[in-house]
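Shown next, in structure tokens, is the structure this report addresses.
When a residue number appears, it is its place in the shown sequence, counting from 1.
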Amino acid sequence: MNKISWKQLVALFVTTRVSAEMLTIPGELIRYGTDRFWSILAAKLAVLVLFLPLLFLTMRFKGDNFLTPAIRRSKIFGGVLAVIFTAALAMVTLETLINLQLYISDVIFNDMLFITGVIIISAAAFYGALKGFSAISRCSIFALVIFAVLLILIAVTSGDTMDFTYLYPSFVRDNDYFVRSMLAEISSCSEILVFAVFCGNIRTKPNRAVFFYLAAALAVLEGLTLLYNLALGPYLTALEYPMYYISSLSDIVVFQRLDGIDAVVWVLCGIIKLAVLLAAAHNIFTSFGKAPDKIRQTVILAVYTAAVLAAAYYLGTDKGRYDQFEAVTHLPIHIVAAGTLIPLVVLIAGKKKPTAKGEEKNEKA
């Protein structure tokens, strides 16, 4: 069974969110100054509101995900919602895959071919998705522990480079930046899509995972933003991957520099995020069959992964196409449509499981 506790889900969500922070948010949106502190807070409050239909859905349809009550109402109804949701999920998967490969090319293997990178990454994520949601969540705890140790090492070794005089209020208000940054933060919260698919897999109190995740993500992101500002100051705006540059300034006798560990951590977090996104899509595909065999499940997932890989190659190898795609994904329309509106529709029109009495009455009739 792919059942996990709400605490495991919180760890998984924080892991995938810090992955998006390092790999998905473009450098120009991690700007020096105090504006991003407020945009992160506003985004987390907005995401809490977006989660509300899902939270109510888990209370009304206990043990179900967003799709099961819709399929009970009608397979056509459920199929339409599944297609829309999967399209939004595919957009997040594409963005994650492309940005992870660009990160690898920029900081690890400068001469790696794009197609080689996306094939290797997709293969690793595909294997993780086959292992299942529970296995991925256990791996995320390991990655999160490494992330915490890395932050402690950076704090210990980079203390002398941090300048608290960099922390001063911004006297020039850039409302356009605030809005763009907040929207990018919301669009990076793909965890709402994962929760919609796997909320039925949480053993007890799935709603508690949402509140603790949002609080933990807020604390981590605000802490990272503070670290960026203290360590890099005005130079922050010019850097694409600020954490990588901060870790490269650290010097420990055992590790020499921490940037190598930093790169491994973000690649691991990125693969975990891809694996859980593929597992979510696979869960949707198999919701319409009674008990598909393992071979059929693997083939379905392989076809979907190959389609995502082909789309990633098409978009990622042309800067113009990729910039247009990124401009769309940083508007959280797909997140709101799939993570909020679809659960709201299911909440209104979905059908509950028949009760034992109801089933007996149906049999007698």
Side-chain angles (χ1 to χ4, degrees), residues 1-13 15-16 47 50-75 77-86 88-89 92 128-138 140 189-214 272-273 275-292 297 300-301 304 335 337-356 358-359:
M1 293 292 289
N2 266 313
K3 294 284 186 178
I4 67 171
S5 69
W6 66 265
K7 294 178 183 178
Q8 286 177 289
L9 186 64
V10 171
L12 175 62
F13 279 178
T15 302
T16 56
V47 170
L50 295 178
F51 259 107
L52 289 179
L54 269 173
L55 296 179
F56 288 124
L57 187 145
T58 59
M59 289 187 285
R60 184 182 178 195
F61 305 103
K62 290 183 179 180
D64 290 333
N65 64 10
F66 84 98
L67 189 57
T68 309
I71 294 175
R72 282 198 209 102
R73 175 63 62 189
S74 164
K75 279 200 172 183
F77 177 55
V80 171
L81 296 184
V83 169
I84 298 171
F85 192 96
T86 304
L89 203 61
V92 176
L130 284 180
K131 287 296 182 180
F133 188 54
S134 180
I136 298 170
S137 68
R138 290 195 299 271
S140 71
C189 287
S190 58
E191 294 74 33
I192 191 172
L193 305 183
V194 177
F195 185 80
V197 176
F198 290 113
C199 57
N201 293 64
I202 313 306
R203 292 193 193 100
T204 56
K205 302 175 181 177
N207 291 355
R208 184 174 289 187
V210 173
F211 300 121
F212 276 84
Y213 152 65
L214 290 176
I272 289 172
K273 182 177 181 180
V276 77
L277 290 171
L278 291 178
H282 182 235
N283 189 291
I284 293 172
F285 300 148
T286 55
S287 295
F288 292 88
K290 290 185 178 179
Q297 290 180 8
I300 292 172
L301 183 59
Y304 176 77
I335 298 293
T340 302
L341 297 182
I342 288 179
L344 184 61
V345 170
V346 175
L347 186 63
I348 297 170
K351 187 177 181 181
K352 288 184 177 182
K353 292 179 183 177
T355 61
E359 289 175 344

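One finds the NZ atom of Lys75 at 10.5 Å from the OG atom of Ser287 (value rounded to the nearest 0.5 Å). To the nearest 0.5 Å, atom NZ of residue Lys352 and atom CG of residue Asp64 are 10.5 Å apart. With rounding to the nearest 0.5 Å, the separation of CD1 in Ile348 from CG in Leu57 is 11.0 Å. Between Phe133 atom CZ and Gln8 atom CD the span is 9.0 Å, to the nearest 0.5 Å. A distance of 12.5 Å separates CD1 of Ile300 from CD1 of Ile284, quoted to the nearest 0.5 Å.
Thr68 and Arg72 share no side-chain donor-acceptor pair at under 3.5 Å.
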Q: Any chance you could lay out the side-chain contact (heavy atoms from CB on, under 4.5 Å) test for Ile342 and Phe66, step after step, and finish with the verdict?
A: CA-CA 8 Å; Ile342 288 179; Phe66 84 98; 3.6 Å; yes
Q) After noting the C-alpha distance and the side-chain angles of Ile272 and Leu12, does the key distance pass the side-chain contact (heavy atoms from CB on, under 4.5 Å) rule? A) CA-CA 8 Å; Ile272 289 172; Leu12 175 62; 3.9 Å; yes
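A pairwise comparison of heavy atoms in Ala349 and Arg73 identifies O-NE, 3.0 Å as the closest pair. Scanning both residues, Trp6 and Lys205, for their nearest heavy atoms gives CB-O, 3.7 Å. Between Leu54 and Gly339, the shortest heavy-atom distance links the atoms CD1-O, 3.7 Å. Taking all atoms of both residues into account, the shortest heavy-atom contact from Leu67 to Gly78 is CD1-O, 3.4 Å. Heavy atoms only, all atoms of each residue included: Thr15 and Ser140 are closest at OG1-O, 3.2 Å. In terms of heavy-atom proximity, Lys353 sits nearest to Lys62 at NZ-O, 4.5 Å.
Side-chain contact between Leu89 and Leu277: present, with at least one pair of heavy atoms (C-beta onward) separated by less than 4.5 Å. Side-chain atoms of Leu9 and Asn201, non-hydrogen and from C-beta on, never get closer than 4.5 Å to each other. For the pair Leu344/Leu52, no side-chain contact is recorded, criterion being any heavy-atom separation below 4.5 Å from C-beta on. Looking only at side-chain heavy atoms (C-beta outward), Leu214 and Val210 come within less than 4.5 Å of each other. Using a 4.5 Å cut-off on side-chain heavy atoms (C-beta onward), Asn283 and Asn65 make contact.
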Between side-chain atoms of residues 190-198 and protein atoms elsewhere (two or more places apart, or another chain), which donor-acceptor pairs fall under 3.5 Å?
from	atom 1	to	atom 2	distance (Å)
Glu191	OE1	Tyr213	OH	2.7
Glu191	OE2	Thr16	OG1	2.8

